[in-house]
Amino acid sequence: MTGVTRSGSNFLPSPASCRCHRHLPHTETPCASGHLPSHPHGYTRPRYSRFLGALVEHLGVPDVFLLGHSHGGFVAQYHALHHPERIAGVILYESAPLTGPEHGAEAMRLVQSFAALHADHPELPEVLAAFQAIPTISDDAQMTAVARGVLPAYFADYWGREEVFAPMRASVRAAHISGLDENLSPHVIDDRADLGSLTVPTLVVVGRHDVVCGVQWAEELHLLIPGSELLILENSGHFGHLEEPEAFSQAVTRFVTAVNSLDS
């Protein structure tokens, strides 16, 4: 499921959210040069973190704010835990403290709730069929088809605002990444024991209707991370920066400005 949110610039934060004095590198993509030799395996958080550290070094700035969306949130929290020395603050946007069976079961429950809410919609069977096809994905074309297929479930009201979101859906391209490391072992995440040691200022953002990294996980992140702030976007799913762009941008800007004020 994490591959759905690695599909390109359509999922980047709105430009207004980056109007701050420090840089906010986006952490979804490991590098622009192409696949790893082990592709589609080996895309682990330590590897992403190394790419991110190199980017921060290349920018030549004293410190940065990290904004990680979905899988990017997992990467951002890993990097902030293991390399906090040049991190001014972190925004964990649609992230979670763990992956694996517990996370998957909650996602399934939320998808079932989405299905019940939209039981009479003629396109619902196509959305559910796309979810069911996830285990069969083996290439980029299949990943792209599934990403486009499940997308209505990722919004609070996709079909009510289809004229706004349909062009984005049609333009989505997704890369198949296995979720296995170089040794073909599952790359499972569980940061619950470590998040209490996170020392950088943290803002947790979640959409009320997100089916992938829902409110349960945002609240747990907020509980586990000392001094963190929590924002629930009441009219959003997984893409609050598109569904409630002003609220999202204002929250990020307010957080960055407040942290900068404390440091000045």
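Just so it is clear, the model here is predicted, and its values are computed rather than measured.
In the hydrophobic clustering of this structure, V127 groups with F165; members are Ile, Leu, Val, Met, Phe, Trp, Tyr whose side-chain heavy atoms approach within less than 4.5 Å, directly or through other members. The hydrophobic clustering, which links ILVMFWY residues whose side-chain heavy atoms are closer than 4.5 Å, places W217 and L224 apart. Both V164 and M168 are part of a single hydrophobic cluster, where members link through side-chain heavy atoms under 4.5 Å apart. Tracing side-chain contacts under 4.5 Å through hydrophobic residues (I, L, V, M, F, W, Y), one never reaches V204 starting from Y78; they form parts of separate clusters. L242 and V150 fall within the same hydrophobic cluster, defined by Ile, Leu, Val, Met, Phe, Trp and Tyr side-chain heavy atoms under 4.5 Å apart, directly or through other members.
At distances below 3.5 Å, not a single donor-acceptor pair connects side-chain atoms of T253 with backbone N or O atoms of Q250. With T144 contributing its side chain and A174 its backbone, the two residues share a donor-acceptor pair below 3.5 Å. At distances below 3.5 Å, not a single donor-acceptor pair connects side-chain atoms of D191 with backbone N or O atoms of L195. S261 contributes a side-chain N or O that, together with a main-chain N or O of T257, makes up a donor-acceptor pair within less than 3.5 Å. Put simply, the side chain of D210 gets close to the backbone of V212: a donor and an acceptor are under 3.5 Å apart. A donor-acceptor pair under 3.5 Å is formed between the side chain of D140 and the backbone N or O of H176. Side-chain N or O atoms of S70 include none that pairs as donor or acceptor with a backbone N or O of G72 at under 3.5 Å. Judged purely by atom type and a 3.5 angstrom limit, S228 uses its side chain to pair as donor or acceptor with the backbone of I225. Using a distance-only test at 3.5 Å, with no hydrogens or angles considered, a donor-acceptor pair links the side chain of R148 to the main chain of V172. In terms of modelled atom types and a separation under 3.5 Å, the side chain of E244 and the main chain of G240 share no donor-acceptor contact.
With rounding to the nearest 0.5 angstrom, the CZ atom of R86 is 8.0 Å from the CG atom of D63. Interatomic distance, L231 CG to I91 CD1, rounded to the nearest 0.5 Å: 11.5 Å. One finds the NE2 atom of H71 at 5.5 Å from the CD1 atom of I189 (value rounded to the nearest 0.5 Å). Separation of atoms CD (E106) and CG (L98) is listed at 10.5 Å; rounding is to 0.5 Å. Taken to the nearest 0.5 Å, the CD atom of E123 stands 5.5 Å off from the CD atom of E162. Atoms CG and CG, from L55 and L66 in turn, are 9.5 Å apart once rounded to the nearest 0.5 Å.
The nearest pair of heavy atoms linking L128 to V111 is CD2-CG1, 4.2 Å. Considering every non-hydrogen atom in both S49 and H83, the closest pair reads OG-CD2, 3.4 Å. Heavy-atom minimum distance, F74 versus A96: CE2-O, 3.0 Å. In terms of heavy-atom proximity, A156 sits nearest to E243 at N-OE1, 2.7 Å. Heavy atoms only, all atoms of each residue included: V200 and A80 are closest at CG2-CB, 4.0 Å. Heavy-atom minimum distance, V90 versus A76: CG2-CB, 3.8 Å.
In this structure the side chain of F114 reaches within 4.5 angstrom of the side chain of L124, judged on heavy atoms. Side chains of S197 and L81 form a contact here, defined as non-hydrogen atoms less than 4.5 Å apart. Side-chain contact between L203 and L92 is absent, with no heavy-atom pair separated by less than 4.5 Å. Contact annotation: the side chain of H118 approaches that of W159 to within less than 4.5 Å [non-hydrogen atoms, C-beta and beyond]. Looking only at side-chain heavy atoms (C-beta outward), F155 and R161 stay at 4.5 Å or farther from each other. The closest side-chain heavy-atom distance from F255 to P201 is below 4.5 Å. The side-chain heavy atoms of H222 and E229, taken from C-beta on, include no pair separated by under 4.5 Å. Annotation: side chain of L184 is in contact with side chain of H41 (closest heavy-atom distance under 4.5 Å).
Ring-centre distance between H69 and F239: below the 6.0 Å cut-off.
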task: Would you check, one step at a time, whether the test side chain to side chain contact (heavy atoms under 4.5 Å, CB included) holds for M143 with S138?
output: CA-CA 8 Å; M143 185 67 242; S138 61; over 6 Å; no
task: Go through the steps for H209 and S236 under the test side-chain hydrogen bond (donor to acceptor under 3.5 Å, both in side chains), then give the verdict.
output: CA-CA 6 Å; H209 306 281; S236 293; over 6 Å; no
- prompt: Is there a side chain to side chain contact (heavy atoms under 4.5 Å, CB included) between I87 and F65 once you walk through the steps?
  reply: CA-CA 6 Å; I87 307 303; F65 285 88; over 6 Å; no
query: Please walk me through it: do V211 and H238 pass side chain to side chain contact (heavy atoms under 4.5 Å, CB included)?
result: CA-CA 7 Å; V211 300; H238 197 65; over 6 Å; no
task: Go through S95 and Q77 one step at a time and tell me if the side-chain hydrogen bond (donor to acceptor under 3.5 Å, both in side chains) criterion holds.
output: CA-CA 9 Å; S95 188; Q77 65 202 39; 2.8 Å; yes
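Using cut-offs of 30° and 60° for the angle between ring planes, the H39 and Y43 rings count as perpendicular. By the 30° and 60° cut-offs, the orientation of the rings of Y93 relative to H241 is perpendicular.
Within a 6.0 Å radius of CD in E85, other residues, nucleotides and ligands contribute more than 12 heavy atoms.
Taking 4.0 Å as the cut-off between side-chain N and carboxylate O, R208 and E94 do not count as a salt-bridged pair.
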